[in-house]
Amino acid sequence: MQIFWIISLLAAFIYAKPVESFTSSFTQTITSEQNDSVVYEGAVYFKADRALWHYEVPNEKLIYIHPETVTVVEPELEQAIISSHNEMRRMQSLLDDWLEDGEKVIQYDGIKYLVIFKDGLPQSINYLDTLENRVSIKLSNIQIGKSIDTQLFIPQIPQEFDIIN
């Protein structure tokens with residue numbers, strides 16, 4: 001659920017700024033209390049009222065966010081999970097006072113997120129999750145205004161996948 005919140009937070013950033021689109025590579029590192037780490041890599045895309053968080057390493061996973069729904073497609077599990085939400089509007093209000101450079105701590109659902117901005121763009125998000133894991137998401141190769149085909153935001157669910165609502 002926390003990654004959905006982060007996607008919503010980044011999407012709200014895009015909506016709050018007058019940009020057509022936002023793309024970025026990301027590296028997400030999760031470190032346990034015993035200092036064991038797992039690293040995920042992928043890309044994130046935003047355009048208008050749509051977002052796609054695409055995990056590529058170590059396993060593919062696609063999270064599509066539309067104004068009222070979230071669709072998670074997990075190819076290795078051959079399943080898609082579709083759920084409703086209304087978080088985007090809540091996220092926008094959190095951004096009103098922190099689009100400037102520097103660090104900002106935001107508390108949401110009992111978790112404190114440290115968001116770092118540089119040159120008016122989000123650079124990283126760090127937090128301690130509910131299992132006491134340290135999570136660090138670093139954005140790189142950020143591009144604003146890059147043309148993104150709207151088809152990218154349409155979930156592709158193969159017919160043989162299980163769909164969970």
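Side chains are part of it too, since the values below use all heavy atoms of this structure and drop only hydrogens, waters and symmetry mates.
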Apply the hydrophobic cluster definition, ILVMFWY joined by side-chain contacts under 4.5 Å directly or through others, and give me every member besides Leu131. none
Check: residues 153-160 side-chain donor-acceptor pairs under 3.5 Å, at least two apart:
unit_1, atom_1, unit_2, atom_2, d
Gln156, NE2, Ile154, O, 3.0

Quick one: pull up CD1 in Ile137 and CZ in Phe26 and give me the separation to the nearest 0.5 Å. 7.5 Å
Tell me, please, which residues at least two apart from Tyr64 pass ring pair (Phe, Tyr, Trp, His ring centres under 6.0 Å). none
4.5 Å side-chain heavy-atom contact, Leu152 and Arg50: no
Of all heavy-atom pairs between Ser140 and Ser24, which one has the smallest distance, and what is that distance? O-OG, 3.0 Å
Nearest non-hydrogen partners of Glu74 and Phe161, listed with the distance: O-CE2, 4.1 Å
How long is the gap from OG1 on Thr23 to CD on Gln143, to the nearest 0.5 Å? 4.0 Å
Of all heavy-atom pairs linking Leu139 and Pro122, the shortest is CD1-O, 3.5 Å
Should side-chain heavy atoms under 4.5 Å link Ile, Leu, Val, Met, Phe, Trp and Tyr, which residues sit in the same cluster as Val105? Leu114, Ile116
Partner set under side-chain hydrogen bond (donor to acceptor under 3.5 Å, both in side chains) for Thr29, not counting sequence neighbours: none
Please table the atom pairs, donor to acceptor, closer than 3.5 Å between any side-chain atom in residues 35-46 and protein atoms at least two apart or in another chain.
unit_1, atom_1, unit_2, atom_2, d
Asn35, OD1, Arg134, NH2, 2.8
Ser37, OG, Thr31, OG1, 2.9

